[in-house]
Number of protein chains: 2
Amino acid sequence: MNTVQGARARARAEVTAAIKDEARRQLAADGAAKLSLRAVARELGMVSSALYRYFPSRDDLLTALIVDAYDAVGEAAEEALAQQRPDASPAARWTAVCRAVRTWALAHPHEYALIYGSPVPGYTAPEATVVPASRVGLVLISIARDAHLGKGVAPPKPPARLLAEGERMAADFAPDLPPAVAVALVAAWAQLFGLISFEAFGQFHRVVEEREAFFTHAAEQLARAVGLVLPA
Amino acid sequence: MNTVQGARARARAEVTAAIKDEARRQLAADGAAKLSLRAVARELGMVSSALYRYFPSRDDLLTALIVDAYDAVGEAAEEALAQQRPDASPAARWTAVCRAVRTWALAHPHEYALIYGSPVPGYTAPEATVVPASRVGLVLISIARDAHLGKGVAPPKPPARLLAEGERMAADFAPDLPPAVAVALVAAWAQLFGLISFEAFGQFHRVVEEREAFFTHAAEQLARAVGLVLPA
DNA sequence: CCAAAGCAAGAGCACTGCTCTCGTGCGCGT
DNA sequence: ACGCGCACGAGAGCAGTGCTCTTGCTTTGG
């Protein structure tokens, strides 16, 4: 008994991981649309029906890959933040995290498409995905909160009804964040992924050539919009 | 001879349109992944092989739908611009166009996903899609150009290499647009679709409730970022 | 030590995209 | 106006898919 859990459970975990690995390979090679349970099983030397002992359906396999992808990009963001020097400015932290997310997306376009492209399984994201999906957002929130705990430049005040929304959002996610910053932050969050998606999905083809410089500059402007840049 | 083209060609055009209509229906109902040539043919009372006389492959059908979707959203944008009063400010025009695009996207989520979600056919967008795909961009460009022909507020100057990129972009698309405005415009363009995609794809679930007010406010900030808002 | 539970394997169903062949009827050019 | 040709629809068929069910074997825990 050299294992804390039974050998059975361990074998199951290993096979499950092998399936996900092979699925990820096929995903990276041909995209989500062409991911085939039978092909995965074939490549693993097992028969297709055996695979259903591990994933009840193709969508469940995809959901597992989605969760892993959210975790991977979330980890990339957290790591980028952790590697910042203690004296780094909020804007510098913000830009570094944005660049890390972009780098991950460009390195794993199909996995990125899985999570930030069209929702492929039947329309409603499974509940299991919401926690990993929020990791990047939490990183951005923490940067903004640190910045505005010191002194930040408040973004333009939104209209009253939106400001109330901002208070609700702040109450939910970051108690001590000014409401106006909260709504600016959510907007910047969505806009960040707009920039990344357009680049990853080829919309910048023949439009933007200096992609890295362009993105960095845009990310810095986003930091400004959230009020992370101190006036000179 | 009541038709300029032969009856044969006309019948062909009608069947082609019927196929696209039915395909669009199934697209709206079940999404692109479940769009099936055989089901379309079945619904139209023909056998599946007959459909291949009109579209050489499933991807070709999807491409046709993509082109139509680009045209539809482009037309929505152009119409929104055309309906602006002559004395409307550039910022008001910008916001109106943004709202029109958003409205179209929310009304046709699956078609929107087809063009601004993950690229589903084999990775490279067919050449035929690039012209219709640029219609929304052209509308935004025209607004920015009109604004800066008068006097606009220049966006922050990007670094030198990006400024050169801006000059190239301006030369390609809008000869008389300041380079800094060009790069801000492209960024705002991508960010606009980031906002819309996040809402359409459910990323704002339990995050943003006042979606319309939120979007309008974000679009106005985008107008500011492009330099469309005059100082008070 | 044996029953129970987990597992792989195979056959099979309904469906998909796509190809090929084969008549037939309609539109077109003469 | 007529007949030829070709575009078209129909059908069978292939390879592949997701998923289910039954059948045995192996492992595990009481």
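Source: prediction; values computed, not measured. We name chains A, B, ... by the order of the sequence lines, and we start the count at 1 in each one. For the numbers below, each heavy atom of this structure counts, side chains included, while hydrogens, waters and symmetry mates do not.
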Looking at every strand, decide which applies to A/F55 at a 4.0 Å heavy-atom threshold: base, sugar-phosphate, or nothing.
nothing
For DNA chain C, whose closest nucleotide is more 5', that of B/S57 or that of B/A9?
B/S57
A/S49 has a side chain; which of C/dT16, D/dC19, C/dG10 sits nearest to it?
C/dG10
To the nearest Å, give me how far apart CG (A/L44) and C1' (C/dA9) are.
15 Å
Please step through side chain to side chain contact (heavy atoms under 4.5 Å, CB included) for the pair B/I196 and B/F215, ending with a clear verdict.
CA-CA 8 Å; B/I196 297 176; B/F215 177 84; 3.6 Å; yes
Closest of D/dG11, C/dA9, C/dT16 to the B/A39 side chain is C/dT16
Nucleotide nearest B/Y54 (side chain, heavy atoms from C-beta), chosen from D/dA12, C/dG27, D/dG9
D/dG9
Does D/dT20 have OP1 or OP2 under 4.0 Å away from a side-chain N or O of A/R53?
no
Tell me: OH of B/Y52 to C1' of C/dT21, nearest whole Å?
17 Å
To the nearest angstrom, how far is A/L62 atom CG from D/dT17 atom P?
15 Å
Basic-acidic side-chain contact under 4.0 Å: B/D21, B/R25
no
Out of C/dG10, D/dA10, D/dA7, which has the shortest distance to the side chain of B/V47?
D/dA10
Closer than 4.0 Å, any side-chain N/O of B/R58 to the OP1 or OP2 of C/dG17?
yes
How about CD on B/E14, more than 12 heavy atoms from neighbouring residues, nucleotides or ligands closer than 6.0 Å, or not?
yes
Between P of D/dG18 and CG of A/L35, the distance in whole Å
8 Å
Here the distance between atom P of C/dC7 and atom CD1 of A/I19, to the nearest Å, is 11 Å
Among D/dA12, C/dG27, D/dC19, find the nucleotide with the atom closest to the side chain of A/R38.
D/dC19
Output the rounded distance in Å from CE (A/M46) to P (C/dA9).
8 Å
Quick one: B/Q26 CD to C/dC15 C1', roughly how many Å, whole number?
14 Å
C/dC15 P sits how many Å from B/L37 CG, rounded?
16 Å
Go through the N and O atoms of the side chain of A/R12 and the base of C/dG6, and report whether any donor-acceptor pair is under 3.5 Å.
no
So what does B/L51 hit on the nucleic acid, given a heavy-atom distance under 4.0 Å: a base, only sugar-phosphate, or nothing?
nothing
For B/S36, which contact category applies under a 4.0 Å heavy-atom criterion: base, sugar-phosphate, or nothing?
sugar-phosphate
Determine whether the aromatic ring centres of B/Y116 and A/F201 lie less than 6.0 Å apart.
no
Derivation and outcome, side chain to side chain donor-acceptor pair (under 3.5 Å), residues B/S57 and B/D60
CA-CA 5 Å; B/S57 82; B/D60 289 274; 2.6 Å; yes
